[in-house]
There are 4 protein chains.
Amino acid sequence: MGAGKTKRMPRAVREQQMLDAAVSVFGRRGYMAASMDEIAELAGVSKPLVYLYLNSKDDLFSACIGREARALTEAVRAGVRPGLSADGQLWSGLRAFFSHTARHPDAWRMLHLHARTHGERFAAEVAAMRAEIVAFVTQLIAAAARDAHRVPHLPEGEVAGLAEALVGAAESLADWAGATEGVTAKQAAATLMNFAWAGLGDLMTGRPWTPPEEPQPEPEPVPDPAPRAAPSPAPVAQGAG
Amino acid sequence: MGAGKTKRMPRAVREQQMLDAAVSVFGRRGYMAASMDEIAELAGVSKPLVYLYLNSKDDLFSACIGREARALTEAVRAGVRPGLSADGQLWSGLRAFFSHTARHPDAWRMLHLHARTHGERFAAEVAAMRAEIVAFVTQLIAAAARDAHRVPHLPEGEVAGLAEALVGAAESLADWAGATEGVTAKQAAATLMNFAWAGLGDLMTGRPWTPPEEPQPEPEPVPDPAPRAAPSPAPVAQGAG
Amino acid sequence: MGAGKTKRMPRAVREQQMLDAAVSVFGRRGYMAASMDEIAELAGVSKPLVYLYLNSKDDLFSACIGREARALTEAVRAGVRPGLSADGQLWSGLRAFFSHTARHPDAWRMLHLHARTHGERFAAEVAAMRAEIVAFVTQLIAAAARDAHRVPHLPEGEVAGLAEALVGAAESLADWAGATEGVTAKQAAATLMNFAWAGLGDLMTGRPWTPPEEPQPEPEPVPDPAPRAAPSPAPVAQGAG
Amino acid sequence: MGAGKTKRMPRAVREQQMLDAAVSVFGRRGYMAASMDEIAELAGVSKPLVYLYLNSKDDLFSACIGREARALTEAVRAGVRPGLSADGQLWSGLRAFFSHTARHPDAWRMLHLHARTHGERFAAEVAAMRAEIVAFVTQLIAAAARDAHRVPHLPEGEVAGLAEALVGAAESLADWAGATEGVTAKQAAATLMNFAWAGLGDLMTGRPWTPPEEPQPEPEPVPDPAPRAAPSPAPVAQGAG
DNA sequence: TATGAATGAGTGTTCATTCAT
DNA sequence: CATGAATGAACACTCATTCAT
């Protein structure tokens, strides 16, 4: 059922078939809910062959992440027009990004939703990919700031946060576009440019948004009555200064 | 061992203990990897009691989602200063949001990472919460547009996309703040305001970002099917012109 | 089928039933060939219960070894008449030993044949039991030597080898008695006493067996043509000086 | 990788390589834990070739047993000096035996530990070898009895038991020598001669060991069924009177 | 109100064995 | 003579769920 069992394929080909099937299943079900049985069946092979070629569920997942992370970064890289201005580069990169995630929704779900959920290993693998993209965007923002040359450069930490916000917004929009009928990659990219770029522009021209004065120290008046059953391992940020 | 078995509690209290434990375990492990055994042990009760009160793993998860979604929306609602201007309201709402997610990282992980991953049912439940927040943000944006009254109002669809982008950026920043040492809720909120508000302002004052003219219809020249597992370790960012 | 499923037993009882079944299966099949399914079925319970009570196949095997090793040493200890002469004690001890191994053939097979075959852990556990018995026999031989008082005492190393030989002979005879119809525990014990004791007596009275003079250094003229495919991990004794 | 694939060997040679590898793996791992994969890899050939030449795991094991059993009996036979007295023959035979087992520990483990553990078939094959050796020893004992000619001959059944005990003791000592650093074949043989021969001599000269009178029919007063898992860490040996 | 005892159905993983070349 | 490709059947182990008390 499905792939049509063409027998006796060379290893490299079979391996790609398995990765295809695995990405599909991992993307739709998540790591834990994905069963090796389903992956093998979708790949049109028996389970032992999957293990022979890819060792274990963990290794298989890892291989999927690696392949798809590489594919995504390459797609973005290939989509960027090198000679353009910063916003032109961002625009083309975003279009490539949304285009790729729209074409490979399972891969995107796998990378964005599931890989960060299971074990440091996988999280680290996607984090590496993400870091690459964030670095790229950071460069773009810095370059745009230079071009605007009204401020010499934005403070480092500020840029990091902005790049993070931009990439995060892109990721969320990719989810949204993937879940919403009739939203094209181009529209998603335009929305994000609209949303983000002009604001960045203001920033760069020295007109940042400033928080209003406020006397009271802390929001969240809800006393949060739920008594924690046990301490969460590591609550990172405990409140605003 | 662990929670100190205080026996014979009234049902309501026990139920909350169970939900606390469940949120903690679901948030840290994910739905599939969470085991009813661990939840029961962390709650300090026996497994049958969990089933007696909460029926099934699915129902338990659902109850967790409901409680935490309600808690989050209430926290945001309570944090918003009603009399303020649109950006003042957004700022206070964001602070409440980041503050709450920082204080309840397991709950946030459960809602944002895990609930959307398993079955339409849970996804719908978080979607409802999200829709509430998006609606609120949409109102704010529309109100801001009215205040600016240079354009009568932004087109509906546009506003939806922008609200989506804003909320998505907020969610991503919440993840990021939760994972990064030393980022406070206030800082996260400020970053997002900086990033977004001025851009929105430009939009509202009639200076949207416009895409450049381009002849070719779609990027992604990579023929894509089965990107071979092997080569291309080349990094994305080569520098901005 | 089989054990008659009497339901809802207290844990301690069920645990012993499981150990009984496990000893039987391990003894007959060996560690590797024993399946948890068969053990569970023979015990009249489902597999998960076996895991709930005994954790893993390894732990189950370990528990079996522990219980049966204890049972064997206790049986021997209980069988020895304390007030008797050395040979009287040996005789009664041997009878108890052969009696116990004959009554619990599966346990004996498990301890003697299988436990030494799988992993240092199990080997060490039986080795501890064996060491106890060897120590007991060593004492007896030394005591007999003192009683004979014609030689002050046998050299330490010599006694160790003799005790080892005696225990080894006993073990082999236990196997033999277990495999041969119509050989009783008493007969096996008598055979071993006949075989060993008088020889020991001679030793103690100063008439040891002495090897004949021989010029040539080494036997084994067979050139052993088989070319080893790979070096055995550790060939212990490479020949006689 | 590993054995260095020298291709195109004549069948007989390849077959011996496979048997070498198989003996090594079977001896170290046991029958069940040995994998055809490991054997094939150690032999430096592909798995199908192993099957082509040796049919199945069972047949392979059988072939190993056959070859090594033959090698052992031949080594013993070749080691015996034909013209000697009975004890001289035994001495030389034992030296050859211990020498061979020391040189081929994997083979010895395979024959003595593992082959008796799996199925009647293999047990029968080693039993045949063993029977040959027992018969040889029986001859020697009978011959010695004739030489001593004080008793016409020991009763048949008695001799069988004694030969069994001697061979069993030899086997146990072989294990012991293999596991104990610094015990040579010669020492092991001497120990056994010391242990056994003088005792046999006494037997032959009409001074057997006789059991003491005893009224009670059978020891083992322990009620035995299900010795509770818990107590009694008391050691066996409390001292000899 | 609360639990110790128990299981059906499934998971990832391995292995002896066989084709097709 | 020799192997890369492939699998059916089994195994150890886990989990959500339910009874009987």
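Order of the sequence lines sets the chain letters (A, B, ...), proteins ahead of strands, with each chain counted from 1.
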Q. Leu49(A) side chain: which of dA2(F), dC1(F), dA6(F) is closest?
A. dA6(F)
Q | Interatomic distance where CD belongs to Gln17(D) and C1' belongs to dA2(F) [whole Å] | A | 14 Å
Q: Apply the test salt bridge (charged side-chain N to carboxylate O under 4.0 Å, His left out) to residues Arg121(B) and Asp59(B): give CA-CA distance (whole Å), side-chain angles for both, the deciding distance (0.1 Å), then the verdict.
A: CA-CA 10 Å; Arg121(B) 176 183 178 186; Asp59(B) 286 358; 3.1 Å; yes
Q) With the threshold set at 4.0 Å, does a side-chain nitrogen-carboxylate oxygen contact exist between Asp106(D) and Arg29(D)? A) no
Q: Report the distance from atom CD of Glu41(B) to atom C1' of dG4(E), rounded to the nearest whole Å.
A: 15 Å
Q: To the nearest Å, give me how far apart CD (Gln16(C)) and P (dA5(E)) are.
A: 15 Å
Q.
Strictly under 4.0 angstrom, non-hydrogen atoms only: write out the protein contact profile of nucleotides 14-21 of chain F, one letter per nucleotide from the 5' end, B, S or -.
A. BBSBBB--
Q. Please give, in whole Å, the distance from dG8(E) P to Leu52(C) CG?
A. 15 Å
Q: Determine: side-chain N/O of Arg14(D) to OP1/OP2 of dA2(F), distance under 4.0 Å, yes or no.
A: yes
(Q) Taking pairing as Watson-Crick or G-U wobble with both contacts under 3.5 Å, can you name the mate of dT17(E), or confirm there isn't one? (A) dA6(F)
Q | Minimum side-chain heavy-atom gap Leu60(A)-Phe26(A) below 4.5 Å | A | yes
**Q.** Lys47(B)/Glu41(B) under salt bridge (charged side-chain N to carboxylate O under 4.0 Å, His left out): CA gap, chis, key distance, verdict
**A.** CA-CA 8 Å; Lys47(B) 241 187 317 178; Glu41(B) 193 188 0; over 6 Å; no
Q: Determine, using ring centers only, whether His118(B) and Tyr31(B) are less than 6.0 Å apart.
A: yes
Q: Using atom CZ of Arg11(C) as one end and atom P of dT3(E) as the other, report the distance to the nearest whole Å.
A: 17 Å
Q: State the CG-CZ distance between Asp58(A) and Phe122(A), to the nearest 0.5 angstrom.
A: 4.0 Å
Q: Measure from CG on Asp59(A) to P on dG12(E) and round the result to the nearest Å.
A: 14 Å
Q. Below 4.5 Å, heavy atoms only, C-beta onward: do Arg28(A) and Ser24(A) meet side chain to side chain?
A. yes
Q) Roughly how many Å is it from CG in Leu60(A) to C1' in dG12(E), rounded to a whole number? A) 12 Å
**Q.** Base-pairing assignment for dA9(E) (Watson-Crick or G-U wobble, both under 3.5 Å)
**A.** dT14(F)
Q: Specify the separation, in whole Å, of atom CD of Glu15(D) and atom P of dC1(F).
A: 11 Å
